[in-house]
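One structure is given below, encoded as structure tokens.
One-based numbering, in listed order, for ligands and for the atoms of each. For this chain, numbers begin at 1 and follow the sequence in order.
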Amino acid sequence: MGNAKQLNEISWQEFKDLPLAEKGEYFQAPTYHTLIAQQFSRIQLEEICALATKIRRISKQRDGANFLRTLLSDKRAMLYFAQPSSRTYLSHNAACQILGLDTMDVRDSKTSSEVKGESPEDTVRTFSSYVDMIIMRHPVGGFAERVAWMLSNTNRPIPVLNAGSGADQHPTQALLDIYTLERSFEDIGGIDGKSIAFVGDLLRGRTVRSLAWLLTLYKKVKVYFVAPEQLQIGEDVLELLDAAGMEYETTQDFASVMPKADALYMTRIQDEWDADGESTTIDTSAFSIDAEHLDRLKKTAIIMHPLPRRKEISISVDSDPRAIFWRQVRNGMWVRAALILMTFGRQDEVNTYDAESNPN
Ligand code: ASP
């Protein structure tokens, strides 16, 4: 990656206007940013998943957990969450703790000098002075990219990890979803050749937008986008999938998709993006699952959800072994730990430790 392009070699406007597929080249060594799903290759996904598994395995033993805690004990991270979050915040915080990375946080920009008229860019630049990495969630799409570009053009560039931006991207959720799919399909040929159904508010669900792209990196995956017409997946996503040659269908007929799917990816209505309560006028009742639907699913199918859920998955489904959304949450912590470790290029120490403690 020695010849990777750098964010201080391009103007913000030029960078902003680049097609998504070309942006990722700017997020490589020496400063690794995690900003968009389109920056990942399949090899990188496989590396992250394998590392997450090793971290998970090592952490089971006290010695292993202690070893992991030394890996980033010389680093500090800022969790800057300017949008409501508890699970993603805690998940990143837990991932940092696993690696011994100290964290500090700002969870409400109203408590920062932004109220004194400071620009959001200056606020983040100030925070960046105290830490070695910024993990951020922000309501404005593209703001994490802007911060990464801005910091890369200072004398102290540090990595930026996007923990959810606007309604456009949620790359770490997409990574944990891939890890969950991979673990679930381990004995049945992996993700290649599988059918994944996204259900619910696909227009404004950033997790769907990011995961749909990552699935293009697998062979012969078929995707169903199941949503009411007003909440159907955006044309911009479909154009990207077309360019990648992915097979997909858009439909409102959830019942016909249920028996075909290897994974159901349920989502809630994202009404925080409503301008005027328009979601309340849409009948979403057909885009939910309860115990009486379970017979229609494949025996090997899995039911996923990025959470928080509302009524789209009845709690009567939770006891079915195919309901894996709680495991999905835990997977997030391991994947984020793997990603953060790779951000600092320290993964080899885990690979060596794992090889020594699990000799074949
Ligand atoms: N937790 C996910 C997100 O932050 C999904 C959701 O909020 O519905 O996008």
Side-chain angles (χ1 to χ4, degrees), residues 34-38 79-95 105 107-109 135-145 160-181 196-215 225-228 230-234 236-237 263-274 278-280 282 284 287-289 302-315 317 323-336 339:
T34 298
L35 298 170
I36 56 175
Q38 286 75 10
L79 293 157
Y80 176 47
F81 275 60
Q83 210 188 8
S85 172
S86 46
R87 76 206 66 245
T88 308
Y89 167 83
L90 288 173
S91 178
H92 282 96
N93 206 14
D105 62 44
R107 304 196 57 190
D108 181 356
S109 48
I135 299 172
M136 63 182 296
R137 166 168 286 202
H138 205 274
V140 177
F143 186 65
E145 286 179 42
V160 177
L161 190 153
N162 178 4
S165 56
D168 69 334
Q169 288 272 353
H170 200 342
T172 65
Q173 175 74 42
L175 292 174
L176 78 89
D177 293 337
I178 287 290
Y179 185 51
T180 302
L181 287 162
I196 319 292
F198 291 103
V199 186
D201 187 345
L202 310 184
L203 183 64
R204 304 172 295 182
R206 56 191 172 192
T207 68
V208 175
R209 297 170 62 85
S210 290
L211 178 58
W213 172 261
L214 290 189
L215 290 171
F225 294 109
V226 188
Q230 304 93 315
L231 299 175
Q232 192 46 276
I233 191 85
D236 59 334
V237 176
L264 291 179
Y265 192 98
M266 307 299 294
T267 67
R268 74 180 167 92
I269 303 306
Q270 311 271 318
D271 47 16
E272 67 269 40
W273 302 109
D274 279 4
E278 57 274 20
S279 300
T280 52
I282 304 171
T284 55
F287 303 90
S288 58
I289 180 163
I302 56 171
I303 305 165
M304 301 171 71
H305 196 303
L307 302 179
R309 77 168 143 182
R310 290 181 184 169
K311 291 185 182 146
E312 58 281 351
I313 302 182
S314 148
I315 51 165
V317 169
I324 53 143
F325 31 92
W326 300 118
R327 217 176 309 157
Q328 201 179 338
V329 176
R330 195 156 167 85
N331 285 340
M333 185 176 72
W334 305 121
V335 162
R336 286 170 173 136
L339 184 68

**Item:** Arg206: numbered ligand 1 atoms lying under 4.0 Å from its heavy atoms
**Value:** 3 (C), 4 (O), 9 (O)
**Message:** Tell me if the CG atom of Leu90 is crowded by more than 12 foreign heavy atoms within 6.0 Å.
**Reply:** yes
**Prompt:** Regarding His170 and Arg137, is there a side-chain donor-to-acceptor distance under 3.5 Å anywhere?
**Reply:** yes
**Message:** Check for me whether Gln270 has a heavy atom closer than 4.0 Å to any atom of ligand 1.
**Reply:** yes
**Message:** Contact between ligand 1 and Gly205 is defined here as a heavy atom of the residue under 4.0 Å from a ligand atom; is it met?
**Reply:** no
**Request:** Kindly give the heavy-atom pair with the smallest separation between Arg209 and Val237, and that separation in Å.
**Result:** NH1-CG2, 3.5 Å
Indicate yes or no: does an N/O atom of [X] lie under 3.5 Å from an N/O atom of ligand 1?
| X | result |
| --- | --- |
| Arg268 | yes |
| Thr207 | no |
| Arg137 | yes |

**Asked** Hey, is Asp201 close enough to Arg310 for a salt bridge, meaning N to O under 4.0 Å?
**Response** no
**Item:** Six-ring centre of Phe325, Arg309 cation under 6.0 angstrom, axis tolerance 45°
**Value:** no
**Fill in**
Going by the 4.0 angstrom heavy-atom rule, the piece of His170 near ligand 1 is side chain
**Complete:** atom 5 (C) of ligand 1 sits nearest the protein heavy atom Leu307 O, 3.4 Å
**Test item: Gln328 side-chain N/O and Asp177 main-chain N/O as donor-acceptor pair under 3.5 Å** = no
